[in-house]
Every structure is written in structure tokens, then in C-alpha cells.
Amino acid sequence: MPLSLRLSIADTLTLGNATCGFMAVYFTTTGILIPHLTDSQESGMARNSAATAVILMLCAAVFDLFDGLVARKLRSSPMGAELDNLSDLISFGLAPAYFVLVYGMVADDAYQKVAAVGAIVVLLAVVLRLARFSCVTPTNGMFQGMPSPFGALTVVSIVLLELPFFATLLAILGTAWLMVSRVEYPKPRGRSAVAMLSWIVLSMGLLAAWAFDAPSGQLLLQTGCALQLVMGAVIPLFATARRVNNFRDNRREARAAQLP
């Protein structure tokens, strides 16, 4: 095959990302939406299928984390960047947007058409973010706007918190805005990558405990979802504080250099 069409190890991980995103849509449909439409279960989200769909999105985030690390070490094919964007669109755009849409159809206090608007906003925010990421080179190891994997996990965390409908919708719209904003988020490298991976594994454990109705499983899941929201709001504050401190240090150095 031509060199430009050969898949690298990093590309294989990227395809694993896309597969997880597609399977998340599958479980959301077969385990939540279809049973609701056929009246084969009580209204509301099927716990096991919802947990499986979110765990698959978390697995997609793991693939997305490692394909970047592997690409930097072993290089990716010329298709790597395009494959990464397309896979991210499935796993962190379509899958969470569809999750929001189905939530609007099955939740007792939800408004289906309003939820559909929220789902479209999430999808378009990820599309715009990925397009901007392809055109803008990140500087100083920072992302401009909330990364799409982090945004997708924040969106599903908001849904799983089971807040009142309009509070849920406002939080989802706020997350979509953060994804297309210029708020800075650090890239997951070194210790931050380890911390992110640990958080994903912990989140999988919380979802499994909730799915199998473990003691305090509901409380543990809500605590994890609330922490996800808090991190989404707090992380850029730390990044901003570091940027301000760097600016002050540079000014002090410049003043010191001007002194005789």
C-alpha cells in the first residue's frame, strides 16, 4: 500500500476511539430508547445501558489519550490528524449529543423538542471546536476551549445527575459554550495525563457500582458527576492564575533588566 494509506499503531487506537463512540450510540438506542418506545420497562433511563454507554465514552477518551502519546513517540500516518478528528466527532460529538436527545425523550420532566435543541448545540460545539483545532496551533501546552473528550464527559455527567430539566439544559449549554470559548485548558501530558487516566478509571468504577445497584452506588455516582462539573469550572481558573503569575514574573524580569 502507498505510505500515505498505511495505518500506524496510533491510527489503530484512533479507530478504537471511533468504535467505542458508535457502540455508545448503539447501547443508548437498544437499552434505553427502544425499551421506552415499546413500553417494555418503566419510563426513565435504563441503568445498565446508560452506564455501559458512558463507560464506552470513557474508553473512547482512553483511546484518544493514548493515540496522541503513541503518535508523539512512534509517529502516525499522514491520515492520523484526519482520523483523530473524525473519531472524536463520533465519540465526543455524536454520542453525547444523542445521549442528551434520548434523555429528553425518556425523562419524566423533560421537553423533547427543547432537549433536541440542546443536543444539536452540543454536536455543533464539538464540530466547531474540532474545526478550530485543525486550524489553530495550540501554544504553551494549552488547549483553547474545553477539550471535546472532557466536554463530552461533562455533558453526560450533567444528565446523570438528574437535576431539574431546565437546570440540566442550562448546564449543558454552558458546557457547549466552554468548548468553543477561548478559555484555556492544559494538555494532558506527564502527571496530568496520569491524573486524567486515574480519573477515567475511577469514573468507570463509579458507573459499575451504580449499574449493579451497589450500596450507596447512586450517591457515589452523583458525587463523581458533581466532581466532573467542578473540575470543568475550576481547571481553567488554575490555568488563568498560572498565566497571570507568568505575566507578572516576566514584567519583574523586564524591569530588573532595565535597572542600571
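Source: prediction; values computed, not measured.
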Set of side-chain contact (heavy atoms from CB on, under 4.5 Å) partners for [X], sequence neighbours left out:
X	result
Ala110	Ala107, Phe165
Ile90	Ala18
Ala176	Val121, Ala125

Using the salt bridge (charged side-chain N to carboxylate O under 4.0 Å, His left out) criterion, which residues pair with Asp213? Sequence neighbours excluded. Arg47

So, do [X] and [Y] sit near enough that their side-chain heavy atoms are less than 4.5 Å apart?
X	Y	answer
Leu221	Leu207	yes
Trp199	Leu227	yes
Tyr103	Ile158	no
Leu161	Leu229	yes
Tyr98	Thr29	yes
Asp88	Val126	no

Residue pairs involving residues 153-180 (criterion side chain to side chain donor-acceptor pair (under 3.5 Å); sequence neighbours excluded): Thr154-Gln228

Begin from the C-alpha positions of Leu160 and Trp210 and carry the test side-chain contact (heavy atoms from CB on, under 4.5 Å) through to its verdict. CA-CA 11 Å; Leu160 292 175; Trp210 175 66; 4.0 Å; yes

side-chain contact (heavy atoms from CB on, under 4.5 Å) for Leu89 and Leu123? Distances and angles first, verdict last. CA-CA 8 Å; Leu89 180 58; Leu123 179 62; 4.2 Å; yes

Residues two or more places apart in sequence or in another chain: which of them pass side-chain hydrogen bond (donor to acceptor under 3.5 Å, both in side chains) with Asp64? none

Intermediate values then yes/no, side-chain contact (heavy atoms from CB on, under 4.5 Å), Tyr26 and Leu56: CA-CA 10 Å; Tyr26 169 79; Leu56 283 165; over 6 Å; no

Counting only N and O atoms by type, is there a donor-acceptor contact under 3.5 Å from the side chain of Arg129 to the main-chain atoms of Ser181? no

For Phe166, is the CZ atom crowded, meaning more than 12 foreign heavy atoms sit under 6.0 Å from it? yes

